[in-house]
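Written below as structure tokens is the structure these notes are about.
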Amino acid sequence: MYQFELLNAEDDRSWRAVASHEDLTVFQTRAWISFVAATQQAVPVIVEIRDGVRAIGYFVGLVVERLGVRILGSPFPGWTTDYMGFILEPGSCRVSALCGLFEFAFARLGCAHVELMDRRLTVEDLSHVDAKYRLYEGFAVDLSLDEATLFANFTSACRRCIRKADKDGVQVEVAPVEGFAEDYFAQLTDVFAKQGLVPTYGVDRVRQLIAHLHPPGHVLLVRARDPHGRSIATGIFPFLHGVMYFWGGASWREFQILRPNQAVHWFAMRYAKAQGVHTYDLGGAGEYKRQYGGREIRIPWIRKSKYGWMESARTLAQEVFRVRQQMQGQWRQLFAKPRAVSVSGTVDSSNNHEPATSQVYR
């Protein structure tokens, strides 16, 4: 049985120990945890896991309080965060670590609910674990392939879109930080408006992500411009240790005929490949993501409650969130103002991106 020790999450030594593991994802870094803490009013948690006297790894997450209930998330839905969970030495038993974590969270951390998504835990691993889960499905592209093969693996429609964008003069670039969050969020609002919805987070979430991830160099910001220099699409791509993730993308509906979305993804893949990144994770489900030729991935998002009634309460909270989002979207459509796009890439009001991503659920 593994032993668990709570470390001081404000101590630099704790984070250096976590960062020493090559298995670390960008979502387990101090920068990302600080981003989530700032946007969710959450408290970071670092737990050292020991096998006897030997440290074999760590668990990274955050504790939030909702309606008086303490919850340990690693991550928790709504945090726009992917794989967290455990950072363990090869050969360690993740199932034992998971079962021990539940006990530690309930008894030591005073939590009544735990959720985590560990990219190395499988559905088969959970066959004898007393916990529930839902599948987090997505696609991962192998960037170790040569560029010609990578492009050939795209669907023919996707390749045509990229060629059209190039022919029509769409220019894709690494974007500077200034004004990017506002540009992206205005476009994102247009994406959700198309479906009668509003974004699941505000522009401050984007500002905070950039403020925490850009200084250490863990995020790529991409912008596409039309031949007149107008910003027509944007993308946000966190990365670390050879893996880049699609966090979000957006584009103005009226310019989608130029196919900037596919051009943004293709630019990001080639940029990442040149930096030695070997995998591009498209960040959750969405049929439009199939066009990039990635393999399908299915990872259990695990949850366990101390009390039986909490499962029903969780389901009710998700439904309330969904209905509220629809009502806000309908209200916005009734009172929407005309908008104008400037050459500098800023936007005066209203809102677009590829079909709304899985951010609603992650």
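Values below: all heavy atoms of this structure, side chains included; hydrogens, waters and symmetry mates excluded. Values in this document were obtained by computation on a predicted structure and should not be read as measured data.
Aromatic ring centres of Trp32 and Tyr245 lie farther apart than the 6.0 Å criterion allows. The aromatic ring centres of Phe59 and Phe104 sit 6.0 Å or more apart.
The distance from the SG atom of Cys99 to the CZ atom of Arg94 is 14.0 Å, given to the nearest 0.5 Å. Distance CG/Leu213 to CG/Leu220: 11.5 Å, rounded to 0.5 Å. Here the CG atom belonging to Leu7 is positioned 10.0 Å from the CZ atom belonging to Arg13, to the nearest 0.5 angstrom. The line from CE of Met1 to CG of Asp51 is 11.5 Å long, rounded to the nearest 0.5 Å. To the nearest 0.5 Å, atom CG of residue Leu62 and atom CD of residue Gln40 are 9.0 Å apart. Of the inter-residue distances, the one linking Leu282 atom CG with Asp82 atom CG reads 10.5 Å to the nearest 0.5 angstrom.
Within 6.0 Å of CZ in Arg298 there are 12 or fewer heavy atoms belonging to other residues, nucleotides or ligands. Applying the 6.0 Å contact sphere to CD of Gln171 captures no more than 12 heavy atoms from other residues, nucleotides or ligands.
Put simply, the side chain of Gln208 never gets that close to the backbone of Arg205: no donor and acceptor are under 3.5 Å apart. Remark: side-chain polar atoms of Lys132 are not paired, donor with acceptor, to backbone N or O of Arg303 under 3.5 angstrom. No side-chain donor-acceptor contact under 3.5 Å links Arg66 to the backbone of Val69. Side-chain N or O atoms of Ser14 include none that pairs as donor or acceptor with a backbone N or O of Ala9 at under 3.5 Å. Between the Lys289 side chain and the Gly283 main chain, a donor and an acceptor come within less than 3.5 Å of each other. With hydrogens and angles ignored, the 3.5 Å screen pairs no side-chain donor or acceptor of Lys306 with any backbone N or O of Ala107. Side chain of Gln3 to backbone of Gly52: a donor-acceptor contact under 3.5 angstrom is found. Side-chain atoms of His241 come within 3.5 Å of backbone N or O of Leu24 as a donor-acceptor pair. In this structure a side-chain-to-backbone donor-acceptor pair under 3.5 Å is missing from Glu115 to Gly73. For Asp125 (side chain) and Thr122 (main-chain N/O), a donor-acceptor pair under 3.5 Å exists by modelled atom type.
Within the 4.5 Å cutoff, no side-chain heavy atoms of Leu72 are placed close to those of Arg70. Between His113 and Tyr307 there is no side-chain heavy-atom pair separated by less than 4.5 Å. Between Val172 and Trp266 the shortest side-chain heavy-atom distance does not fall below 4.5 Å. When side chains are defined from C-beta on, Cys93 counts as touching Tyr2, because their heavy atoms get closer than 4.5 Å. Counting heavy atoms from C-beta on, the side chains of Leu126 and Leu98 come closer than 4.5 Å. Contact of the Arg223 side chain with the Pro176 side chain is registered, since non-hydrogen atoms from C-beta on lie closer than 4.5 Å. Under the 4.5 Å side-chain criterion, counting only non-hydrogen atoms from C-beta, Tyr133 is not in contact with Trp301. Between Tyr280 and Val243 the shortest side-chain heavy-atom distance does not fall below 4.5 Å.
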query = Taking it one step at a time, do Asp183 and Ser231 satisfy side chain to side chain donor-acceptor pair (under 3.5 Å)?
reply = CA-CA 8 Å; Asp183 191 12; Ser231 174; 2.6 Å; yes
message = Is there a salt bridge (Lys or Arg N to Asp or Glu O under 4.0 Å) between Arg108 and Glu103? Walk through the geometry before answering.
response = CA-CA 8 Å; Arg108 176 70 188 278; Glu103 294 181 14; over 6 Å; no
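By the side-chain contact (heavy atoms from CB on, under 4.5 Å) test, Ala152 pairs with no residue at all, sequence neighbours left out. In terms of the salt bridge (Lys or Arg N to Asp or Glu O under 4.0 Å) criterion, Arg295 has no residue partners (sequence neighbours excluded).
Under the 3.5 Å distance criterion, with hydrogens and angles disregarded, a donor-acceptor pair is assigned to the side chains of Asp146 and Thr149.
Taking the six-membered ring where tryptophan is involved, the planes of Trp247 and Tyr184 are tilted, since the angle between them lies from 30° to 60°. His212 and Phe35 have tilted rings, their planes meeting at an angle from 30° to 60° on a 0 to 90° scale.
Counting only residues at least two apart or on different chains, the salt bridge (charged side-chain N to carboxylate O under 4.0 Å, His left out) pairs with a member in residues 29-41 are Asp12-Arg30.
Of the candidates Thr25, Asp281, Asp118, Tyr83 forms a side chain to side chain donor-acceptor pair (under 3.5 Å) with just one, namely Asp281.
Nearest heavy atom pair, residue Ala181 against residue Arg207, reads CB-CG, 3.7 Å.
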